[in-house]
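Okay, so here's the structure we're looking at.
These numbers come from a predicted model, not from an experiment. Reminder, nothing fancy here: chain letters follow the sequence lines and each chain counts from 1. Both backbone and side-chain heavy atoms feed into the values below; hydrogens, waters and symmetry mates do not.
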Amino acid sequence: MKRAGKAFFTENLLIWNSEINTRNMPWKGEKDPYRIWLSEIILQQTRVEQGWPYYERFIKAYPTVNHLARASDDEVFRHWQGLGYYNRCRNMLAAARTISKDYQGQFPHTYESILALKGVGAYTAAAIASFAYGLPHAVVDGNVYRVLARYFGIQTPTDTTEGKKEFTLLAGELLDKTQSAAYNQAIMDFGAVVCKPQQPACSSCPLSTQCLAYQTGRVEQLPLKTKKIMIRQRFFYYIILIYNKQVYIRKRKEKDIWQNLHEFILLEQPCPVTQAELLASEGYRAALPGVSFKVEGLSAPYKQQLTHQTIIAQFLTLRGKGRAPALEGYQLVPQSMLNDYAFPKTITSYLEKSALGLTLF
DNA sequence: AATGCGGGGTT
DNA sequence: AACCCAGCATT
């Protein structure tokens with residue numbers, strides 16, 4: 001690719017990094033590959049400010065990869081609760097156990113072996129390889145797409161195969177291979193601090209004189225993306241069935257949102273229904289055959305916006321009479337134990353607001 | 001090549 | 001309401 005200003009870009013980015021950049025984060029300059037890996041998994045599609053406290057808690061709870069590998073799934077998911085994209089947690093655990101068993105707890109040392117770990121893609125492998133071992137692999141994340149698209153005026157959409165190839169190739173050409181860790185850290189910090197998505201600091205940008213987007217007034221338009229996602233609505237009705245300070249929950253197993261998190265008895269409906277309609281529904285009869293109870297009440301709707309779906313959840317509390325029946329797929333747990341299980345945000349929000357987890361439980 | 005996967009901040 | 005965030009796995 002023959003593009004103008006490549007040498008200027010790398011040189012001045014590194015000058016900005018050493019002379020102006022003051023960004024500080026707990027994992028910055030870290031050389032322990034386990035800690036670097038942990039931070040990178042947590043930060044996938046996650047803002048630094050959001051991931052920061054999770055990183056601190058994980059390092060404290062699991063100081064080494066062997067500690068993490070030995071932990072139970074449910075305990076680790078409880079630590080991950082609220083961070084989202086829960087398959088990251090499952091893959092992280094699988095990778096920790098691979099490293100503990102197949103590598104005797106020693107983190108793999110090559111780009112290819114790092115890339116082979118569950119939950120590690122091209123970005124994360126490049127980050128670990130460069131930060132921990134100084135290997136010459138350029139990171140390509142959302143920051144890099146934005147910085148390069150603007151500086152070089154690239155109009156190829158970033159969410160296509162062609163775009164990924166083009167940006168990855170260019171990023172590799174720009175990398176200073178003698179200091180790949182510093183360079184990779186610099187370009188991401190630069191994207192976060194100067195070349196931000198909104199209101200970039202072009203007036204104080206040391207690259208603006210050679211920035212094609214800035215020179216042609218297209219900074220706000222770049223980078224380009226193509227896909228527009230359709231957002232689906234779903235109506236969740238959770239039955240909180242209580243018998244003597246115990247409540248039914250289950251772990252979500254199906255290929256759907258919130259896999260491996262817990263929930264109450266779920267009746268999903270294709271459209272909103274009233275309390276009476278819910279109790280008369282086919283789903284209710286199938287889930288709770290012959291259960292006798294007293295209705296405590298239906299909660300207000302709890303709305304949660306996900307990337308591809310809007311979840312509208314309501315909670316119906318039922319006080320069971322007589323003996324607690326066995327319900328297929330559900331377990332009966334004491335209300336005081338709910339804090340040991342990981343729940344999606346919608347449910348923890350309800351539990352906090354209703355004080356169900358505090359006073360009643 | 002397209003799609004699904006959370007939760008939160010910013011504008 | 002729309003967009004984005006230290007992306008990845010699956011189909």
Side-chain angles (χ1 to χ4, degrees), chain A residues 23 25-28 30 36-55 77 80-92 94-95 115-131 137-147 157-165 167-168 171 181 184-193 195-200 220-232 234 252 254-261 302-311 342-349:
Chain A
R23 196 178 192 210
M25 296 167 291
W27 48 83
K28 195 163 174 177
E30 178 63 59
I36 295 167
W37 165 72
L38 189 55
S39 72
E40 295 300 343
I41 300 299
I42 288 173
L43 292 173
Q44 285 168 5
Q45 287 293 285
T46 303
R47 291 175 187 280
V48 163
E49 295 71 23
Q50 188 186 1
W52 190 317
Y54 283 84
Y55 172 80
F77 269 93
W80 195 274
Q81 172 177 289
L83 196 53
Y85 284 152
Y86 296 93
N87 276 332
R88 286 186 295 171
C89 185
R90 166 147 302 288
N91 290 330
M92 177 183 73
L115 182 61
L117 295 170
K118 288 283 189 189
V120 174
Y123 162 76
T124 303
I128 298 170
S130 64
F131 293 146
H137 295 272
V139 294
V140 182
D141 73 336
N143 291 302
V144 175
Y145 282 126
R146 184 172 57 257
V147 172
T158 58
D159 57 347
T160 62
T161 304
E162 184 192 354
K164 290 185 203 321
K165 262 180 62 180
F167 282 94
T168 300
N184 279 337
Q185 188 62 61
I187 194 169
M188 290 193 286
D189 284 350
F190 184 80
V193 173
C195 200
K196 299 176 288 184
Q198 293 107 357
Q199 299 179 355
E220 308 297 342
Q221 276 82 314
L222 295 174
L224 292 183
K225 290 193 179 182
T226 59
K227 299 188 176 66
K228 45 197 181 299
I229 58 173
M230 291 296 283
I231 297 181
R232 168 170 68 115
R234 299 175 72 178
R252 287 177 67 87
E254 60 274 13
K255 202 169 67 180
D256 195 356
I257 60 171
W258 300 334
Q259 191 177 77
N260 292 302
L261 272 64
Y302 282 68
K303 188 156 74 172
Q304 184 178 11
Q305 188 60 56
L306 308 184
T307 306
H308 303 63
Q309 309 178 19
T310 303
I311 306 299
F343 292 98
K345 184 64 166 58
T346 302
I347 292 179
T348 56
S349 295

Exercise for review: Between dA6(C) and dT3(B), how far apart are the P atoms? Round to whole Å, please.
Suggested key: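 These two P atoms come out 25 Å apart once rounded.
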Review point. Given the P atoms of dT11(C) and dG6(B), what is the spacing between them in whole Å?
Key: 16 Å
Under 4.0 Å, heavy atoms only, any strand: does [X] hit a base, just the sugar-phosphate, or nothing?
X         : value
Trp80(A)  : nothing
Asn184(A) : nothing
Leu83(A)  : base
Gln199(A) : sugar-phosphate
Ala122(A) : sugar-phosphate
Gly191(A) : nothing
Glu220(A) : nothing
Gln259(A) : nothing
Met92(A)  : nothing
Val139(A) : nothing

Can you tell me if [X] touches the phosphate of [N], counting only side-chain N or O atoms and a distance under 4.0 Å to OP1 or OP2?
X         : N       : value
Lys255(A) : dT11(C) : yes
Arg146(A) : dC5(C)  : yes
Tyr86(A)  : dG7(B)  : yes
Gln45(A)  : dA6(C)  : no
Thr46(A)  : dG6(B)  : no

Exercise for review: Check every atom of dC5(C), dA6(C), dG8(B) against the side chain of Pro197(A) and return the nucleotide holding the closest atom.
Suggested key: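 Among the listed nucleotides, the one closest to the side chain of Pro197(A) is dC5(C).
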Check nucleotides 1-3 of chain B against the protein and report each pair of N or O atoms closer than 3.5 Å, with its distance, or say if there are none.
| unit_1 | atom_1 | unit_2 | atom_2 | d |
| --- | --- | --- | --- | --- |
| dA1(B) | OP2 | Thr161(A) | OG1 | 2.2 |

Point to revise | Upstream residue (5' side of DNA chain B) when Gln198(A) and Asn87(A) are each assigned their closest nucleotide | key: Asn87(A)
With hydrogens left out and only the distance checked, is there a donor-acceptor pair under 3.5 Å joining [X]'s side chain and the base of [N]?
X         : N      : result
Gln50(A)  : dG8(B) : no
Arg88(A)  : dC8(C) : no
Thr307(A) : dG4(B) : no

